[in-house]
Amino acid sequence: MPEDIHPKLLKPYNPQETEDRLYKKWNESHLFNPDECIAQGITSPSAPHFSIVMPPPNVTGTLHVGHALGLTIEDIMVRFHRMKGERTLWLPGTDHAAIATQVKVEEGLYKKEGKTRFDYSREEFLGLVRDFAQNSHDTIVNQVKRMGASVDWSREAYTLDEKREKAVRTAFKRMYDAGLIYQGHRIVNWDPKLKTTVSDEEIDWAEEKTPLYYLKYGPFVIATARPETKFGDKYVVMHPDDKRYAKYKHRETVEVPWINGTVTATIIKDESIDMEFGTGVMTITPWHDNTDFDIAQRHTLDKEQIIDFDGKLLPIAGDLAGQHIKKARPLVIEKLQNLGLIEKIDETYVHNIAKNSRGGGVIEPQIKKQWFIAVNKEFAMGPSKINGIKEGDTVTLKKLMLAAVENGQVNFVPERFSKIYFHWVNNLRDWCISRQIWFGHRIPVWYKTGTAGKTEEIYCDIEAPVGEGWEQDSDTLDTWFSSGLWTFSTLGWPDETPDFQNFHPTSVLETAYDIIFFWVARMILMSTYLIGDVPFKHVYIHGLVLDGQGRKMSKSLGNITDPLVMIDKYGTDATRLSLIIGTGPGNDSKFSEEKTRGYKHFANKIWNATRFVLSNTADMSWDSLFAKGANAGVMPEYNAEDQAHRDALTALVVEVTGDIENFRYYLAAEKLYHYFWHTFADQIIEQKKTALNATSTAPEDVKNRKSAQRLLMEILVTVLKLMHPFIPFVTEEIWSLLPLTQKRILMVETWPQ
RNA sequence: GGGCGAUUAGCUCAGUUGGUAGAGCGCAACAUUGACGUUGUUGAUGUCAGAGGUUCGAGUCCUCUAUCGCCCACCA
């Protein structure tokens, strides 16, 4: 073994010794920052821009393998474009995740001390949440670094920091002034446990076996799964075409003996009634049911609240008032039985119940005053860069959201996700943006209350109003309001900063499909309205990372893979490859530790091949290949066989470059793996051993030897560059060991052509 | 009820615009003190879910069916 081989290469590759050191080196070079790349003469100021914002992880704990996959894909994009010489920005940040974070803290308090947030003042409680969020933030930042993510930390953002607060308030005010944000009494999803509303998207539906009660209601029999809500029912609804009830006229009234005495019931004919279900007749509870609310709206019927916001019955329930609805049901049944109002009970019925997916309780729809964004309200478009929509055109937010994708300005990868997007947007209802939790952006609206206790004045602005007697709205905003602004709030908006001008719209948004509605759609809404432009050109969607058996990873199954554990065992590069290879865009993938171990072997294979190349080229000058100008050496000539290998390498460069540009990371990575191991190591190196070992000084032998040496060097150098976006650590470490006198760190070397 | 996806070797999955079925792991045999603790070579295994259609030609495009998975809607 020649003496000038670096001693490190004599042992197997050790990621544990390498990775943190290299990340520090990259970070301290400041070259994650595109401005520094220009300052250091690496990137041309006139180069095209490439920018992505990191989907901000929730500060609710730690990153999981899904995050690891996303970060890997994003880092591949970013490192590739940076090496291509583009002005490349990857902007990191975290999300305060309002309700999710608050719930986490509340759960902890309850477990540890048996307290709820109402045992604290608002400010005390928020202090606890902030501490928790800070801890979580620090953990996440460390994890992002360990993934090798080449993000510009100098631009790090948080959805709840001061700059983002300004953006949020500006956005709110603009939409409020335009009449697109309004306050209204509407039926919302109320969680009596967490004492807040949640959006439709935050609800999980679960099946529950609940008896279906058939109750006598005057001349009718109605079927209900929730008899405890029926006290005040005074509308009986049936389908207009139902022949069984043809003799009853719309709006006709009948006297009906009911739970707490006789009521006057009004007959309503409505087409939403399913004639097949139950008896084809039902009574409605508009205050606590979406469908019933809609029926009541259509026929302008009275609505009455039955259940309070704690989940207890109101005085309308008579002697059951004050009972919690869970306890009230058997009591109502008993009462109905005594009154002889129960016709029959269907015990086989399965009812769908709505639960708050953020760890809350069973949703009780309520009519409540909330803030909404009007998605169907027409307005005149402002300055527009949306294709097909001009300034002054009459549009709605929904129309803007559709146009941005229909016209191809925003392009989904894979394309099929645009269908899901369209379907969702087309059925979108006004977005309830107010929450009754404490952690989050407080609504920038202040009220002045008069002596009679009535609101006399409403004020909405970025800053609080001056003067006495103003009180801020106690609600906070849905967390997705602030994340909807993420592509531009992170770049300095509403100020016209250079970052905003340079890097918006962003190039690609990389995210998981389960967040298309929550986030992608909301970003398109906010950006098209507030900026008149799309937030990003491409949306790259990745799938779920499942366990080895194809199951979703979850705490209850105990099948969660911690990316840090894999990194500790096999290194970041191996972890990244195992997440990427075999995972097409939008498809779920299974995580396998075996696969990860295999890619650790690959890192070592590269390491060993490097040792072979270095020890067999020690008598050659690498600078003859790579130095420019006066330092350039004489390049050995290729023989025909090696020229063919060189041409194949060029073909690989073209292919891999095309794959990366077209979002086929899984293919590019696999091709590189295959080329390195099975073409370069197994075939080319084996084939060249004879030429390299030849000691003869015959001109032909010397030529073949030099040719082989050049080939090995060129392949190694080229493939290290090609592989760097995928496996940045081992390639950078090897790069640092190459005896090149003129080289940058690999991260900012130029992409091969 | 509406929609989306999957179905290819024992397992996990590729197969980019239609042109002779691929990889990794596993399996079998052989070789190997080697650049390689983590090696190589060779090999076996496929009605590409099923049926029909378009085409000179279909794993790939179209139609239908089956099974599995997911999303949306949510019937009181």
Side-chain angles (χ1 to χ4, degrees), chain A residues 1 5 9-13 200-201 203 205 207 210 212-215 222-227 229-230 233 236-238 272-285 288-292 295 349-354 414 416-420 422-424 426-427 513-514 516-517 543-544 546 548-552 570 574 577-578 581-584 586-592 594-595 597-616 655 658-659 662-664 666-671 673-674 677-678 681-683 685-686 688-689 692 712:
Chain A
M1 190 68 62
I5 297 292
L9 278 170
L10 302 178
K11 286 180 286 183
Y13 174 59
D200 295 346
E201 287 72 29
I203 287 176
W205 291 88
E207 287 193 339
T210 307
L212 186 66
Y213 300 94
Y214 285 75
L215 307 179
I222 60 156
T224 180
R226 301 200 61 193
T229 65
K230 295 281 154 196
D233 287 11
V236 57
V237 193
M238 60 209 70
S272 66
I273 299 298
D274 181 355
M275 288 188 269
E276 308 289 316
F277 188 91
T279 56
V281 186
M282 70 173 190
T283 61
I284 58 168
T285 315
H288 301 290
D289 185 280
N290 286 297
T291 316
D292 294 359
I295 294 171
Y349 184 66
V350 177
H351 187 55
N352 285 332
I353 58 165
R416 66 180 139 94
F417 285 102
S418 57
K419 280 188 210 167
I420 295 173
F422 285 134
H423 181 259
W424 186 79
N426 279 319
N427 292 294
Y513 59 66
D514 57 356
I516 291 175
F517 306 142
L544 262 39
L546 309 170
Q549 294 162 52
R551 301 172 305 177
K552 224 171 172 169
Y570 306 108
L577 274 189
S578 77
I581 293 184
T583 306
N587 291 343
D588 293 346
S589 58
K590 292 177 194 173
F591 188 85
S592 139
E594 282 300 307
K595 199 169 150 188
R597 182 180 297 127
Y599 293 124
K600 184 188 177 179
H601 298 170
F602 179 56
N604 197 56
K605 185 77 180 178
I606 305 170
W607 193 255
N608 284 317
T610 301
R611 179 194 312 164
F612 179 87
V613 174
L614 290 185
S615 60
N616 282 281
E655 216 176 313
D659 284 337
N662 291 293
F663 305 102
R664 297 188 293 255
Y666 61 112
L667 274 185
E670 195 174 340
K671 281 174 187 169
Y673 173 90
H674 195 262
W677 201 311
H678 300 295
D682 288 352
Q683 289 173 28
I685 286 184
E686 290 306 320
K688 293 296 126 191
K689 277 180 178 170
L692 292 168
L712 297 190

- Query: Any idea which heavy atoms bring Gly278(A) and Tyr214(A) closest together, and the distance?
  - Reply: CA-OH, 3.7 Å
- Task: Look at the rings of His678(A) and Tyr673(A) and say which category their plane angle falls in: under 30° parallel, 30 to 60° tilted, over 60° perpendicular.
- Result: perpendicular
- Against the side chain of His423(A), the closest entry in A35(B), G40(B), C72(B) is C72(B)
- Can you tell me the distance, in whole Å, between the CD1 atom of Ile353(A) and the C1' atom of C74(B)? 14 Å
- Looking only at atom C1', what distance separates G52(B) and A66(B), rounded to whole Å? 15 Å
- Between C62(B) and G26(B), how far apart are the P atoms? Round to whole Å, please. 38 Å
- Task: Using the P atoms only, state how far U65(B) lies from G3(B), rounded to an integer number of Å.
- Result: 12 Å
- Taking only the side-chain heavy atoms of Asn604(A) (C-beta and beyond), determine which of U16(B), C71(B), G37(B) contains the nearest atom. G37(B)
- Task: Could you state the atom-to-atom distance from CH2 of Trp205(A) to C1' of C75(B) in whole Å?
- Result: 11 Å
- Whole Å only: how far is the CH2 atom of Trp424(A) from the P atom of C74(B)? 14 Å
- Side chain of Asp289(A) - closest among A35(B), C75(B), A14(B): C75(B)
- Message: Can you work out whether Thr279(A) or Tyr13(A) has the more 5'-proximal nearest nucleotide on RNA chain B?
- Response: Tyr13(A)
- Query: Quick one: OH on Tyr666(A) to CG on Asp659(A), what's the gap to the nearest 0.5 Å?
  - Reply: 8.0 Å
- Query: For the side chain of Thr285(A) and the backbone of His288(A), is there at least one donor-acceptor N/O pair under 3.5 Å apart?
  - Reply: no
- Item | Protein-nucleotide distance (Asp514(A), atom CG; G5(B), atom P), rounded to Å | 18 Å
- Check every atom of G5(B), A35(B), G24(B) against the side chain of His678(A) and return the nucleotide holding the closest atom. G24(B)
- How far apart are the closest heavy atoms of Ser589(A) and Thr583(A), and which atoms are they? CB-OG1, 3.5 Å
- Of all the nucleotides listed (G40(B), G24(B), U16(B)), which has the minimum atom distance to the side chain of Asp682(A)? G40(B)
- Message: Once you measure the plane-to-plane angle for Tyr513(A) and Phe417(A), does it fall in the parallel (<30°), tilted (30-60°) or perpendicular (>60°) bin?
- Response: parallel
- Task: Using atom CD of Glu594(A) as one end and atom P of C13(B) as the other, report the distance to the nearest whole Å.
- Result: 15 Å
- Where the side chain of Lys671(A) is concerned, which of U16(B), G40(B), A14(B) is the nearest nucleotide? U16(B)
- Query: Of all the choices, C74(B), A35(B), A14(B), which nucleotide is nearest to the side chain of Thr291(A) once you look at every atom?
  - Reply: C74(B)
- Task: Could you work out the separation of A58(B) and G15(B) based on their C1' atoms and round it to a whole Å?
- Result: 14 Å
- Item | P-based separation of U60(B) from U41(B) [nearest Å] | 33 Å
- Query: Counting side-chain heavy atoms from C-beta on, which of A14(B), U12(B), C4(B) comes nearest to Asn587(A)?
  - Reply: A14(B)
- Message: Under 3.5 Å for both pairing distances: what stems, at least three Watson-Crick or G-U pairs long, include RNA chain B?
- Response: B:1-7 with B:66-72, B:10-13 with B:22-25, B:27-31 with B:39-43, B:49-53 with B:61-65
- Message: I'd like the C1' distance from U45(B) over to A35(B), given in whole Å.
- Response: 34 Å
- For nucleotides U17(B) and U55(B), find the distance between their P atoms and express it as a whole number of Å. 22 Å
- Item | Side chain of Lys419(A) - closest among C74(B), C75(B), C4(B) | C4(B)
- When the C1' atoms of A28(B) and G69(B) are considered, how many whole Å apart are they? 36 Å
